[in-house]
Q: 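Let me give you the structure first, and then I'll get to my questions.
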Amino acid sequence: MKLLYFAWMRQRIGTSAEDIARPDGVDTVGDLVDWLVARDEGYAKAFEKREVIRAAVNQEYVRFDHPVNDNDEVAFFPPVTGG
Amino acid sequence: MKLLYFAWMRQRIGTSAEDIARPDGVDTVGDLVDWLVARDEGYAKAFEKREVIRAAVNQEYVRFDHPVNDNDEVAFFPPVTGG
Amino acid sequence: MIRVQEEDFDVGAEIAALTGGDRSIGAVATFVGLVREMAPVEGETRAIESMTLEHYPGMTEKKLAEIEDEANRRWPLAASLIIHRYGTLSPGERIVFVACASAHRHAAFEACQFLMDWLKTEAPFWKLEATDTGGAWVDARESDDHAVARWTDKPDAAE
Amino acid sequence: MIRVQEEDFDVGAEIAALTGGDRSIGAVATFVGLVREMAPVEGETRAIESMTLEHYPGMTEKKLAEIEDEANRRWPLAASLIIHRYGTLSPGERIVFVACASAHRHAAFEACQFLMDWLKTEAPFWKLEATDTGGAWVDARESDDHAVARWTDKPDAAE
């Protein structure tokens, strides 16, 4: 799967995009967040306030209980501030 | 006093402006309308639907009970349709 | 600023002039009114050949300035502009322009709508539409009265 | 029509292109968002040296197109346009442009406000403000969430 990070999440994680094989037991967006947070400090810091983070799967806003599949594009970002 | 008429009131009356001496007994806008209506058919037709006509004295919207004085500019017109 | 004029105006240039230099402005809401080619005339939809705007010189400028002052009293505007044309216009031509600039968008949007609602019901303009069957004065729309009634604290209703 | 671009745009030319030829249009409401030179950064008002807009290419265009479709579903628009810039901008520069054209003004105004409210809360853009003490990401404003909540039938909220 392809993971994308934007704004201060990108800065904290230190990368804007990465490709990973879907880990065992990661079936939802929330599972993926748990897996990432366990990976290292940058991820832990990026997902610190998990309740404000927005997620998109294949460019559609989703909740953290949304399923993720092997070829999904999953994006995480802070609340948007465009306009 | 100076009288001004606009839009279809001007067309019905046949003039856009006239100067008159304030007639005896004409103390309010409503008195003035009564006096004009009695003058001829054009005025009668212009003031036919008196409830829709708007009046301005010295370029301020007023009600028909507003006083009129010798040197006032009094305007009558249909509901406005600008913008 | 208000302008009552026969000639056309340049929307882009007006917005640039209105905001130019003032970098406290984050939002500019504008409105342009145009002459439509079809309009309901005496209950039927008719092709409009031209529209002639008559106004009350002197009172027009006075009312526009009052309306603009009132908008500036109600909302924190950095700049505002009302341009209203008179004379004979063809379908597609610009009639009116309102622009409101503010730090934030809600003030800009609300003031712009407020000004349009008041222009429609308080500015002394009258539209005469020419069709192939002659000229017809545009009727005031009840919906415009409802629109202006939203701004409940009417500042300059008839005394 | 939607455009996501780095370069600036010409407001007057965009409005002319949007309405040109369609004489059913009586009303054009527009909004321009500009970079302000002062902004609250971490609780203090600071001078902004520049603003950098990051976005999510692909999803941005998708969301903007959805939002525009929704506006056209809700209001009888003859034409609509959203332009949103990305990249690094200076104070006074244009960020965003929304224009809605309709036969009558209420549809134009409402659709324009709707689009701005949705852009603020749904379009994947993030603003980084550079001040003399470094860069700070702009916080989402609670007032924007309230603004968008007005349009009660949220069409594309999170599933």
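Throughout, protein chains are lettered first and strands after them, A, B, ... in sequence-line order, and every chain is numbered starting at 1. For the numbers below, each heavy atom of this structure counts, side chains included, while hydrogens, waters and symmetry mates do not.
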Q: Test of understanding: with salt bridge (Lys or Arg N to Asp or Glu O under 4.0 Å), list the residues that count as partners of D19(A), not counting sequence neighbours.
A: none
Q: Can you see which heavy atom on N58(A) is nearest to which on K62(D), and at what distance?
A: O-CE, 4.3 Å
Q: State, with a plain yes or no, whether a side-chain heavy atom of R10(A) is found less than 4.5 Å away from one of E54(D).
A: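 R10(A) vs E54(D): side chains touch.
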Q: Partners of F6(A) by ring-ring contact (aromatic ring centres under 6.0 Å, His included), sequence neighbours excluded?
A: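 By the ring-ring contact (aromatic ring centres under 6.0 Å, His included) rule, F6(A) matches Y56(D), W126(D).
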Q: Is a side-chain N or O of H84(D) found less than 3.5 angstrom from the main chain of G83(A), in a donor-acceptor match?
A: yes
Q: Evaluate whether atom CG of D70(A) has more than 12 neighbouring non-hydrogen atoms of other residues, nucleotides or ligands under 6.0 angstrom away.
A: yes
Q: Throw together a table of side-chain donor-acceptor distances under 3.5 angstrom for residues 27-40 of chain D, partners on residues two or more places apart or in other chains.
A:
{"unit_1": "T30(D)", "atom_1": "OG1", "unit_2": "T30(C)", "atom_2": "OG1", "d": "2.3"}

Q: Report the distance from atom OG1 of T121(D) to atom CZ of R54(A), rounding to the nearest 0.5 Å.
A: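 The distance works out to 7.0 Å.
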Q: For residues 33-42 of chain A, give me every residue with a non-hydrogen atom less than 4.5 Å from any non-hydrogen atom of chain D.
A: none
Q: Can you name the nearest heavy-atom pair linking E122(D) to Y61(A), along with the distance?
A: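 Taking E122(D) first and Y61(A) second, the nearest heavy atoms are O-OH, 2.5 Å.
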Q: Does any part of the side chain of Q59(A), heavy atoms only, come nearer than 4.5 Å to the side chain of E61(D), both counted from C-beta?
A: no
Q: Between chain D and each of P79(A), A7(A), A75(A), A56(A), count heavy-atom pairs under 4.5 Å; write down the option with the most.
A: A7(A)
Q: Might you point out which heavy atoms bring P124(D) and V80(A) nearest each other, and give the distance in Å?
A: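 Distance-wise, the nearest heavy atoms are CA-CG1, 3.7 Å.
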Q: With only heavy atoms counted, which part of D139(D) is less than 4.5 Å from chain A, the side chain, the backbone, both or neither?
A: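 Just the backbone, heavy atoms under 4.5 Å.
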Q: Using 0.5 Å steps for rounding, measure from the OG1 atom of T81(A) to the CG atom of D144(D).
A: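 Taking OG1 in T81(A) and CG in D144(D), the distance rounds to 9.5 Å.
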Q: Got F77(A) and H55(D) here, is their nearest side-chain heavy-atom distance under 4.5 Å?
A: no
